[in-house]
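Quick notes on the structure that follows.
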Amino acid sequence: MPHLHEHEGAKILIPRMTEIISVLECEARSALHPVNSKANSWKSVSNYVALAGTLGHLKVENFIRELIDFPIEEMNLSEADQKLYDEIQSNPKSKDWLQEYIDTAFNNYLEFHEDFQPTYLHPEITMIYLHEENGAIEPKQSIKGTIDLICELDPEKMSKKALKIVPIEEKSSILLDWKTGMAKLSGHHYQLEGYRWLIRASGTLAKLISKG
């Protein structure tokens, strides 16, 4: 869903980065859809997987928040997602699947944490760029995005495995977006490139630097 943004008393709909990326890779995503992949189990349905991904993200984010003494984020689901969550919890099989999905995502994160030894700087940063022409905001050329994490990597602390993945030679700050699914899509790279542009265009980078 587009983001409903309030600007100078007016509410405008602006696209999210993830929506734009989804359109760009719609052909690849359609191949994964149950209709085309011939999958018919409930756990292949996109809304179940999307909810599982949201909860996996939340567990990782709160683990990081505790490490850097940030306040914990509560599970704040939409009415539709809460209904779906309650439905999953009412069935032992789906409940076990959801827990296994979240645990797998979190264990993958712990592997990253161990191999990369990151210094956590900023979790969950929301950025908004409003494109203006002739004194008016152009909603379709504006955009919202959220970076899952900004952290610093030090090659002296990273494992050999990590250095093969990110071959840096000096301390570097990087943007991360957690992916809990198994699919590897070109859009994942486009998304990070989009965030790299957005963090500057929205003025967010300047604000982070000024805060130290």
Side-chain angles (χ1 to χ4, degrees), residues 1-8 11-25 50-78 81 102 105-106 108-110 112-113 115-132 137 139 141-154 157-158 162 165-166 168 170-181 185 187-212:
M1 293 289 290
H3 169 68
L4 184 61
H5 181 71
E6 186 167 335
H7 178 70
E8 297 181 351
K11 292 183 178 180
I12 55 176
L13 281 175
I14 60 177
R16 300 174 187 267
M17 181 71 71
T18 49
E19 292 170 329
I20 294 175
I21 298 303
S22 294
V23 170
L24 291 175
E25 62 184 19
L51 177 59
T54 296
L55 298 178
H57 272 71
L58 182 63
K59 184 170 184 177
V60 170
E61 181 189 352
N62 279 336
F63 180 86
I64 294 171
R65 283 178 168 272
E66 286 189 309
L67 286 178
I68 59 178
D69 200 27
F70 272 40
I72 297 300
E73 290 288 330
E74 299 296 329
M75 185 174 72
N76 186 21
L77 301 177
S78 66
D81 279 346
I102 294 171
F106 187 68
N108 287 340
Y109 156 73
L110 290 179
F112 158 82
H113 176 80
D115 283 333
F116 285 82
Q117 293 293 311
T119 297
Y120 297 108
L121 302 176
H122 303 282
E124 287 287 318
I125 299 176
T126 295
M127 308 163 292
I128 294 177
Y129 166 73
L130 297 177
H131 185 79
E132 186 173 337
I137 299 298
Q141 296 185 57
S142 301
I143 190 170
K144 176 185 178 181
T146 300
I147 298 172
D148 286 340
L149 176 69
I150 297 178
C151 65
E152 182 183 79
L153 299 182
D154 183 347
K157 299 178 181 179
M158 294 163 61
I165 299 171
V166 184
I168 58 175
E170 58 185 20
K171 289 183 180 179
S172 304
S173 295
I174 65 169
L175 311 179
L176 289 175
D177 188 80
W178 306 120
K179 298 300 180 187
T180 59
L185 302 172
H188 296 165
H189 298 285
Y190 304 154
Q191 187 175 352
L192 286 175
E193 285 298 317
Y195 287 155
R196 188 171 70 167
W197 172 84
L198 184 56
I199 195 172
R200 294 179 181 276
S202 65
T204 304
L205 182 60
K207 291 178 182 177
L208 292 175
I209 292 173
S210 67
K211 290 179 180 178

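- Atoms CD1 and CG, on Ile168 and Leu153 in that order, are 5.0 Å from each other to the nearest 0.5 Å.
- Atoms CD and CD1, on Glu66 and Ile72 in that order, are 4.0 Å from each other to the nearest 0.5 Å.
- Closest non-hydrogen pair, Lys171 versus Glu152, comes out as CD-OE1, 3.9 Å.
- Residues Met75 and Leu55 form a side-chain contact, since some pair of their non-hydrogen atoms from C-beta on lies under 4.5 Å apart.
- Remark: Tyr120 OH to His113 NE2 distance equals 5.0 Å, nearest 0.5 Å.
- The side-chain hydrogen bond (donor to acceptor under 3.5 Å, both in side chains) search around Arg196 returns Glu193, not counting sequence neighbours.
- Here the side chain of Ser142 pairs a donor or acceptor atom with the backbone of His131 at under 3.5 angstrom.
- Atom CE in Met127 sits 12.0 Å away from atom CZ in Arg200 (nearest 0.5 Å).
- Partners of Phe63 according to the side-chain contact (heavy atoms from CB on, under 4.5 Å) rule, which considers only residues two or more places apart in sequence or in another chain, are Leu67, Phe106, Tyr109, Leu110.
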Take Ile199 and Ile125, measure what side chain to side chain contact (heavy atoms under 4.5 Å, CB included) needs, and give me the verdict at the end. CA-CA 9 Å; Ile199 195 172; Ile125 299 176; 5.7 Å; no
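- Separating the CG atom in Leu149 from the CH2 atom in Trp178 is a distance of 5.5 Å, to the nearest 0.5 Å.
- Considering every non-hydrogen atom in both Ile147 and Leu176, the closest pair reads CG2-O, 3.8 Å.
- Between Trp197 and Ile143 the shortest side-chain heavy-atom distance falls below 4.5 Å.
- With contacts defined as side-chain heavy-atom distances shorter than 4.5 Å, the pair Leu58/Ile102 does not qualify.
- We find the CD1-OH distance between Ile14 and Tyr129 to be 11.0 Å, quoted to the nearest 0.5 Å.
- Between Leu121 and Leu208, every side-chain heavy-atom pair lies at or beyond the 4.5 Å cut-off.
- Screening Glu124, His57, Arg65 for a side chain to side chain contact (heavy atoms under 4.5 Å, CB included) with Glu73, the sole residue that qualifies is Arg65.
- A pairwise comparison of heavy atoms in Asp177 and Thr146 identifies OD1-O, 4.1 Å as the closest pair.
- Between Leu198 and Lys144, the shortest heavy-atom contact is CD2-C, 4.1 Å.
- Closest approach of Ile68 to Pro123, counting heavy atoms only: CD1-CD, 3.8 Å.
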